[in-house]
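The next block holds one structure in the form of structure tokens; read it before the comments.
Counting starts at 1 for both ligands and their atoms, following the listed order. This structure is a prediction, so every number in the text was calculated from the model and none was measured.
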Amino acid sequence: MHSKTASSSLSTSSRIVLPNDTNVLGNLMGGQLLNWMDITSAIAAHRHCGRVVVTAAVNNVSFNHPIALGDIVTIEAKVTRAFTSSMEVFMDVYVEHRLTGEKKKCNEAIYTFVAVDQNGKSIDVPELIPESEEEKSRYDAALRRRQLSLILAGRMNANEATELKALFEQ
Ligand SMILES: CC(C)(COP(=O)(O)OP(=O)(O)OC[C@H]1O[C@@H](n2cnc3c(N)ncnc32)[C@H](O)[C@@H]1OP(=O)(O)O)[C@@H](O)C(=O)NCCC(=O)NCCS
């Protein structure tokens with residue numbers, strides 16, 4: 001199976017925050033942002049493997065700043081690492097102020113997708129080759145994040161998480 005670069009999976013989407021997307025304070029609801037991130041990152045995972053993908057885990061999301069009605073939200077998603085059938089997708093989320101046009105990064109999120117066949121059975125995906133320094137650093141860290149996610153999901157024994165354990169032994 002051919003390897004692919006991280007940049008070939010890039011998926012970007014922009015949305016304006018509308019009244020139906022907000023809570024009583026007029027700020028974007030977290031669940032709506034999770035949905036937009038799910039779709040944008042699924043497209044990145046699909047671009048990497050060319051197969052149907054399903055969300056296996058939402059690994060890391062934090063909402064650091066409220067996003068107001070009328071603001072423009074831009075999500076950039078790229079696959080950071082491909083394993084056997086699973087792919088980690090890293091997202092950078094930016095907000096553009098509706099009046100000033102000022103654009104700032106407001107959060108990061110990490111989702112895991114699995115490529116499946118027509119019966120929903122997991123199938124192999126191409127290897128990912130990181131190129132830039134940022135891609136290489138996120139690629140390296142993806143293995144530790146996978147181990148943590150699998151431990152939390154009860155799919156891995158903590159003793160087997162060699163790379164994760166090494167962080168605490170330095
Ligand atoms: C994701 C899914 C296909 C995995 O099925 P499975 O029978 O456990 O498949 P496998 O054991 O072959 O695991 C497949 C991959 O998923 C990975 N995986 C499963 N759960 C994971 C988790 N919580 N975190 C990270 N990776 C996970 C496994 O490590 C494996 O990766 P690898 O092939 O790269 O080593 C299956 O659980 C599923 O269909 N889940 C529902 C998906 C869905 O509907 N999502 C939308 C939610 S509403």
Return yes if some donor-acceptor pair links the side-chain N/O of [X] with the main-chain N/O of [Y] below 3.5 Å, else return no.
X      : Y      : value
Ser86  : Phe83  : no
His48  : Val79  : no
Glu160 : Met156 : no
Asn23  : Leu25  : yes
Thr55  : Ala57  : no

Discussion item. Would Ser149 count as being in polar contact with ligand 1, using the rule that some N or O on each side must be under 3.5 angstrom apart?
Written reply: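 Yes - when backbone and side-chain N and O of Ser149 are compared with those of ligand 1, one distance drops under 3.5 Å.
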Discussion item. Tell me whether Arg146 has any N or O atom under 3.5 angstrom from an N or O of ligand 1.
Written reply: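 Arg146 vs ligand 1: N/O contact under 3.5 Å present.
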Worksheet entry | Option from Arg81, Arg146, Arg145 for which salt bridge (charged side-chain N to carboxylate O under 4.0 Å, His left out) with Glu88 holds |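 Testing Glu88 for a salt bridge (charged side-chain N to carboxylate O under 4.0 Å, His left out) against Arg81, Arg146, Arg145 leaves exactly one candidate, Arg145.
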Fill in: Candidates Lys104, Lys78, Arg138 - the one meeting salt bridge (charged side-chain N to carboxylate O under 4.0 Å, His left out) with Asp92
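By the salt bridge (charged side-chain N to carboxylate O under 4.0 Å, His left out) criterion, Asp92 pairs with just one of Lys104, Lys78, Arg138: Arg138.
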Between [X] and ligand 1, which part of the residue brings a heavy atom under 4.0 Å of the ligand: side chain, backbone, both or neither?
X      : answer
Thr84  : both
Ser86  : both
Arg155 : side chain
Ser85  : both

Worksheet item: Quick one: does atom 37 (O) of ligand 1 have a protein heavy atom under 4.0 Å from it?
Response: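 No, there is no protein heavy atom closer to it than 4.0 Å.
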Worksheet item: Is at least one protein non-hydrogen atom found at under 4.0 angstrom from atom 14 (C) of ligand 1?
Response: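 Yes.
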Worksheet entry | Nearest-neighbour protein heavy atom for atom 21 (C) of ligand 1, which is reported as residue plus atom name and distance |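 Looking at atom 21 (C) of ligand 1, the protein heavy atom closest to it is Leu150 CD2, 3.8 Å.
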With a cut-off of 4.0 Å, which atoms of ligand 1 are near a heavy atom of [X]?
X      : value
Val114 : 1 (C), 15 (C), 16 (O)
Ser122 : 9 (O), 10 (P), 12 (O), 14 (C)
Ala153 : 23 (N)
Thr55  : 42 (C), 43 (C), 45 (N), 46 (C)

Worksheet item: Got more than 12 heavy atoms from elsewhere within 6.0 Å of CG, Asn20?
Response: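 Counting neighbours around CG of Asn20, 12 or fewer heavy atoms of other residues, nucleotides or ligands fall under 6.0 Å, so no.
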